[in-house]
Amino acid sequence: MFTGLVQGMGKIISRSSGKLVIRPEFPVTEPVYGESIAVNGCCLTLESASGGELLFHTLEESLRRTNLGSLLPGSRVNLERALRVGDRLGGHIVQGHIDTAAEVIECCRMPDGDFKFAVRLDPQFAALVVEKGGIAIDGVSLTVVEAASDYFAVRLIPVTLQDTALKERTPGTLVNLEFDVIGRYILRMLELREQPSAKSGITLETLQEAGFL
């Protein structure tokens with residue numbers, strides 16, 4: 001589990017044969033074999049750490065679902081180590097399970113001084129993006145300020161622009177999206193309410209009418 005508060009950036013050194021090598025640009029103290037580290041929001045397992053580099057195994061599923069399969073050596077990525085019990089939860093609950101990679105369509109300074117960052121959205125995910133709700137973009141916990149059926153937008157503060165790899169994402173590039181986990185469960189429950197069981201025909205409505213809910 002993560003919070004979406006990026007601890008620092010790293011540079012991709014190489015990616016081949018299912019192995020991803022990253023050199024962090026900040027001190028990673030006492031890295032532990034097998035620990036979870038979010039790389040651009042994607043939860044990966046640390047296989048080794050030596051010479052200031054971190055080695056991860058990347059599944060084809062991870063490469064297909066995220067932008068890790070398209071970023072070239074030299075690209076910067078956001079890094080966050082897993083949340084420890086007692087740590088501050090300053091962002092929101094982030095699992096490190098990327099839902100999709102989407103195209104950046106706008107990143108610009110607004111007349112009011114804010115920096116706007118807009119991302120294209122597949123309509124199938126529109127119900128999971130709500131205004132003032134949380135979303136993780138390349139592992140960064142952000143708040144949605146515009147939500148439409150085919151795009152959404154956030155605003156970036158100077159710290160986010162300075163300390164994360166989002167400043168290197170330009171229109172046409174891909175970013176990883178993880179939607180709010182609570183929203184995902186709610187949407188799934190609503191879907192099931194509309195789909196009676198193929199075996200029994202029982203729905204949440206029938207259970208409620210029978211007094212079980």
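Note that the structure is predicted; figures quoted are calculated from it, not measured.
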Problem set entry | Check ion pair Asp114-Arg109 (N to O, under 4.0 angstrom) | no
Exercise. Does the side chain to side chain contact (heavy atoms under 4.5 Å, CB included) test come out yes or no for Phe117 and Thr160, once each step is laid out?
Worked result: CA-CA 11 Å; Phe117 195 90; Thr160 304; over 6 Å; no
Exercise. Taking atom types as modelled, is there a side-chain donor on Glu103 or Thr173 under 3.5 Å from an acceptor on the other?
Worked result: no
For this session: List the steps, then state whether side chain to side chain donor-acceptor pair (under 3.5 Å) holds for Tyr151 with Glu146.
Result: CA-CA 8 Å; Tyr151 85 95; Glu146 297 178 42; 2.8 Å; yes
Exercise. In Å, rounded to the nearest 0.5 Å, how long is the span from CZ of Arg120 to CG of Leu174?
Worked result: 11.0 Å
Exercise. With Val181, which of Ile93, Ile186, Val94 fulfils side chain to side chain contact (heavy atoms under 4.5 Å, CB included)?
Worked result: Ile93
Exercise. Just how far is it from atom CZ of Arg76 to atom CG of Leu166, taken to the nearest 0.5 Å?
Worked result: 13.5 Å
Problem set entry | Shared hydrophobic cluster for Leu5 and Leu89 (ILVMFWY, side-chain gaps under 4.5 Å) | no
Exercise. Would you say Leu55 and Lys19 make side-chain contact, with heavy atoms under 4.5 Å?
Worked result: yes
Problem set entry | Side chains of Val6 and Asp163 in contact at under 4.5 Å (non-hydrogen atoms) | no
For this session: Examine distances only and state if a side-chain atom of Thr66 and a backbone atom of Ser62 form a donor-acceptor pair shorter than 3.5 Å.
Result: yes
Problem set entry | Enclosure of Met9 CE (heavy-atom neighbours >12, cutoff 6.0 Å) | yes
For this session: Measure the shortest side-chain to side-chain distance between Ile13 and Ile22 over non-hydrogen atoms and say whether it is less than 4.5 angstrom.
Result: no
Problem set entry | Lys11 NZ to Leu71 CG distance, which is reported to the nearest 0.5 Å | 13.5 Å
Exercise. Does atom CD1 of Ile182 have more than 12 heavy-atom neighbours, drawn from other residues, nucleotides or ligands, at distances under 6.0 Å?
Worked result: no
For this session: Answer yes or no: is there a side-chain heavy-atom contact under 4.5 Å between Cys43 and Ser36?
Result: yes
Exercise. So, do Arg65 and His97 sit near enough that their side-chain heavy atoms are less than 4.5 Å apart?
Worked result: no
Exercise. Roughly how far, to the nearest 0.5 Å, is OG1 of Thr100 from CG of Leu128?
Worked result: 11.5 Å
Exercise. Could you walk me through whether Ser48 and Tyr33 pass the side chain to side chain contact (heavy atoms under 4.5 Å, CB included) check?
Worked result: CA-CA 6 Å; Ser48 67; Tyr33 168 78; 6.0 Å; no
Exercise. Should we say atom CD of Gln124 is surrounded by more than 12 heavy atoms from elsewhere, each under 6.0 Å from it?
Worked result: yes
Exercise. In the single-linkage hydrophobic clustering (I, L, V, M, F, W, Y; side-chain heavy atoms under 4.5 Å), do Val175 and Leu68 co-cluster?
Worked result: no
Seminar exercise, completed: When every non-hydrogen atom of Val21 is compared with those of Glu53, the smallest separation belongs to CG1-OE1, 3.5 Å
For this session: Mark yes or no for whether His57, through its side chain, and Thr45, through its backbone, hold a donor-acceptor pair below 3.5 Å.
Result: no
Exercise. Leu121, Ile105: one ILVMFWY side-chain cluster at the under-4.5 Å cut-off?
Worked result: no
Problem set entry | Closest heavy-atom pair and its distance - Leu72, Ile12 | O-CB, 4.1 Å
Exercise. What are the two closest heavy atoms between Gly52 and Pro24, and how far apart are they?
Worked result: O-CD, 3.3 Å
Taking distance alone, no hydrogens or angles, what donor-acceptor pairs closer than 3.5 Å link side-chain atoms of residues 129-145 to residues at least two apart or in another chain?
residue : atom : partner : partner atom : Å
Asp138  : OD1  : Asn67   : ND2          : 3.1
Asp138  : OD1  : Asn176  : N            : 2.8
Asp138  : OD2  : Arg169  : NE           : 2.9
Asp138  : OD2  : Arg169  : NH2          : 3.4
Ser141  : OG   : His92   : ND1          : 2.7

Exercise. Is Met1 linked to Val39 within one hydrophobic cluster, defined over Ile, Leu, Val, Met, Phe, Trp and Tyr using a side-chain heavy-atom separation of less than 4.5 Å?
Worked result: no
Exercise. Thr3 side chain to Gly91 main-chain N or O, any donor-acceptor pair under 3.5 Å?
Worked result: no
Exercise. Just wondering, are more than 12 heavy atoms of other shown residues or ligands nearer than 6.0 Å to CZ in Arg84?
Worked result: no
Exercise. How long is the span from the OG1 atom in Thr164 to the CG atom in Asn78, to the nearest 0.5 Å?
Worked result: 5.0 Å
For this session: Answer yes or no: are there more than 12 heavy-atom neighbours, outside Glu61 itself, under 6.0 Å from its atom CD?
Result: yes
For this session: Mind running side chain to side chain contact (heavy atoms under 4.5 Å, CB included) on Gln162 and Lys167 for me, showing each step along the way?
Result: CA-CA 7 Å; Gln162 176 182 325; Lys167 63 176 174 286; 5.8 Å; no
Exercise. Do Phe26 and Gln7 have side chains that get closer than 4.5 Å, going by heavy atoms?
Worked result: yes
Problem set entry | Considering all heavy atoms, the nearest Asp99-Phe125 contact | O-CZ, 4.3 Å
Exercise. What pair of heavy atoms forms the shortest contact from Leu44 to Phe56, and how long is it?
Worked result: CB-CD2, 3.6 Å
Exercise. At what distance, to the nearest 0.5 angstrom, does CG of Asp87 lie from CZ of Phe2?
Worked result: 12.0 Å
For this session: Mind listing the closest non-hydrogen atom pair of Gln95 and Glu178 along with its distance?
Result: N-OE2, 2.7 Å
For this session: Determine, stepwise, if the pair Leu177 / Ile98 fulfils side chain to side chain contact (heavy atoms under 4.5 Å, CB included).
Result: CA-CA 6 Å; Leu177 303 181; Ile98 302 302; 5.7 Å; no
For this session: Determine whether Val32 and Leu46 make a side-chain contact, defined as any pair of heavy atoms from C-beta on separated by less than 4.5 Å.
Result: no
